[in-house]
Structures are given as C-alpha cells and as structure tokens.
J.: 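Below are the structure tokens for one structure; questions will follow.
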Amino acid sequence: MESYIGVFDSGVGGLAVVRELKNRLPREAIMYIADSRFFPYGTKPREQVISRATALVEFLEAHGARMVVVACNTASSAVFPDIQHRVDVPVLGMISAGVKSAQLATRNRRVAVLSTPGTARSHGYLRAMGLLDPTVEMIELQSQELVNLVEAGSIEGQDVADYAADVLKPVREFGADTLVLGCTHFPFLNSLMEGILGPAVKIVDPSKELAYEVGLVLEKCRLTTGAGQQDRFFTTGDPGDFLDKARLFLGDYVSAVEVADV
C-alpha cells in the first residue's frame, strides 16, 4: 500500500517545506497539493480557508497520507486545533514551529514576523509566543504583494528588492534581532531579505523546525517507511503553470504534476 507524508499549501510556497522535508527525511515519500485555483488564502475569509484546508487534508488522507503537514501559515492559524479532530492521521502546522525557532534564535527578546494579512489578522504567532515565552516581544508585519510576487516567480530584481525593503522597515524600527518568515513563500526571498536586513537580524524559516518535528512524530508514532516511493505533486489549478513555477524553485526535482478535483 502506498504511504506518504501529505503536504499542502495555497500555491508554490509549501515547496519550501517539501525541500526541508526531503533534506531531513530523504527516504520518505511526499504527496503535495497546491490549491492554486483558490490562491491566495491570505485575503480569504477564515471560514473559506477552513473549508479548503479540511477538503485538502481529507484528499491527502484518502490518497495514502499517513500524516499531513499544513505548509501554509494562514491555514495553520485558521484550522488548529480543530482539524486534528476531523481526521485520523497526525496533522502538523507552521505556527508552533515558527515560534519555537524564533524563541531559540532571539537574543534581545524582540521578534518580527512577516506573514499574509490572514495570518496577521489571526494573531496566531502572538498568541503562540505568549504561551511559549511571554518575555519575547513580537511585531506583526504583513504583505500579500510579496506572496503574489513569489507565486508569479518574481524573486529577484530591483523592483522586488525595493518593495521588500519598504515592507521590512519596521523590523529595524522595532529593534528586532530576529525575523520569522511567517509564510512559506518567503524562504524563496531569503537571500534578498538578508541583503536588506544585514547580519544583525537573524532570519528564521519555520520549515526547518517543522521538518525536524515531522521526523520526531514519524518515529514516535512508528510511521517511518523508507519505502522509496515516488513523490507525487497535485494542483487544483493549471498543472503546466504549477510545473513551471516548481522547477523555478526546485529544479527538475518536480517532473510531473497531476490535477486534483477538490
């Protein structure tokens, strides 16, 4: 029987999580679905995000996923903890991984998080950090336009750099020494942001911590397989368009894309 780690996002951003999962767990098969037809989640009402996320988790579970990673901060902030009660497989999300990474990285206890409007509205990072470590102060920044640029494959050039610099101005004004990339699209802009912020600000990608947590859950629940199956990629939108974007970020690793009617 086929068995996968299921991963989903509203678009190509979750491929940053796939990259980290394959780095840490190279023998585990991934099933990824991009909900491209409903991109972006960051501007959608919470109820619609919950509906889409639930349908995608159920799709992945029905197609052999033995655990599901919600590789989308907006969906993570909307569906947890309720989603775990609706399915029979473990479900992990981005927010807890992000605050753990930030709490370990910061030295001056001042952290900025850059996310979509939907994630910022939920204050998921603020609440999670308040529970983990109330001594850490956090400022929330948001930019749907940066998400859109990455989704369109625009990750370099002076226009993108100038726009990102404007979005990131509050990081220095707040005095943060740590920036959490609170959307899975943003790691593809990591080098650009490092150039803007300089070495005084550590940029945290929750995908790395999440991949570590996935490994722990697989071992604890005895779900590791190492079966060497082929990874599968789905989209609810145009497969050719998704394939072009996926290859831009991950090269020839993504060789074929299937359409999911979800």
J.: Atom NZ of residue position K22 - does it have more than 12 heavy atoms of other residues, nucleotides or ligands inside 6.0 Å?
T.: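 Yes - once you tally the heavy atoms of other residues, nucleotides and ligands closer than 6.0 Å, there are more than 12.
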J.: Between L149 and L146, is any pair of side-chain heavy atoms under 4.5 Å apart?
T.: yes
J.: For F249 together with H185, are the ring centres under 6.0 Å from each other?
T.: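 No, the ring centres sit 6.0 Å or more apart.
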J.: For the aromatic rings, using the six-membered ring if either is Trp, is the centroid distance between F233 and Y253 under 6.0 Å?
T.: yes
J.: How about K44: does its NZ atom have over 12 heavy atoms from other parts shown lying under 6.0 Å from it?
T.: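 Result for NZ/K44: enclosed.
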J.: Run E137 and R109 through salt bridge (charged side-chain N to carboxylate O under 4.0 Å, His left out) and show every step you take.
T.: CA-CA 6 Å; E137 295 182 72; R109 325 304 289 166; over 6 Å; no
J.: Report whether L248 and V257 are members of the same hydrophobic cluster (ILVMFWY, side-chain heavy atoms less than 4.5 Å apart, transitive linking).
T.: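 Yes: a chain of side-chain contacts under 4.5 Å links L248 to V257.
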J.: Do you see a donor-acceptor pair shorter than 3.5 Å between the side chains of D177 and T106?
T.: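 A donor-acceptor contact under 3.5 Å links the two side chains.
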J.: Got a second to check how far Y32's OH is from D231's CG, nearest 0.5 Å?
T.: 13.0 Å
J.: Looking only at heavy atoms, which two atoms of R46 and A78 are closest? And how far apart?
T.: NH2-O, 3.0 Å
J.: Quick check: do E28 and V214 have side-chain heavy atoms less than 4.5 Å from each other?
T.: no
J.: Excluding sequence neighbours, so at least two apart, what forms ring pair (Phe, Tyr, Trp, His ring centres under 6.0 Å) with F59?
T.: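 Checked F59 against ring pair (Phe, Tyr, Trp, His ring centres under 6.0 Å); matches are H63, F234.
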J.: Measuring from atom CG of L179 to atom CD1 of I203, what distance do you get when rounded to the nearest 0.5 angstrom?
T.: 5.5 Å
J.: If you count every heavy atom of other residues, nucleotides or ligands that lies below 6.0 Å from Y212 atom OH, does the total exceed 12?
T.: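 Incorrect, the count does not exceed 12.
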J.: Do R110's NZ or CZ and the ring of F174 fall within the cation-pi criteria of under 6.0 Å and 45°?
T.: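 Flagged: R110 positioned over aromatic ring of F174.
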J.: Applying salt bridge (charged side-chain N to carboxylate O under 4.0 Å, His left out), run through K169 and D166 and close with a yes or a no.
T.: CA-CA 5 Å; K169 275 182 185 175; D166 191 54; 3.5 Å; yes
J.: Count the heavy atoms of every other residue, nucleotide or ligand shown that sit under 6.0 Å from CD of E156, and state whether that count exceeds 12.
T.: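 No, the 6.0 Å shell around CD holds no more than 12 heavy atoms from other groups.
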J.: Report yes if some heavy atom in the side chain of I5 is under 4.5 Å from a heavy atom in the side chain of V7; otherwise report no.
T.: yes
J.: At what distance, to the nearest 0.5 angstrom, does OH of Y41 lie from CD1 of I50?
T.: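 One finds 12.0 Å between OH of Y41 and CD1 of I50.
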J.: Which heavy atom in V262 sits nearest to a heavy atom in A55, and how many Å separate them?
T.: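 Here V262 and A55 meet closest at CG1-CB, 3.7 Å.
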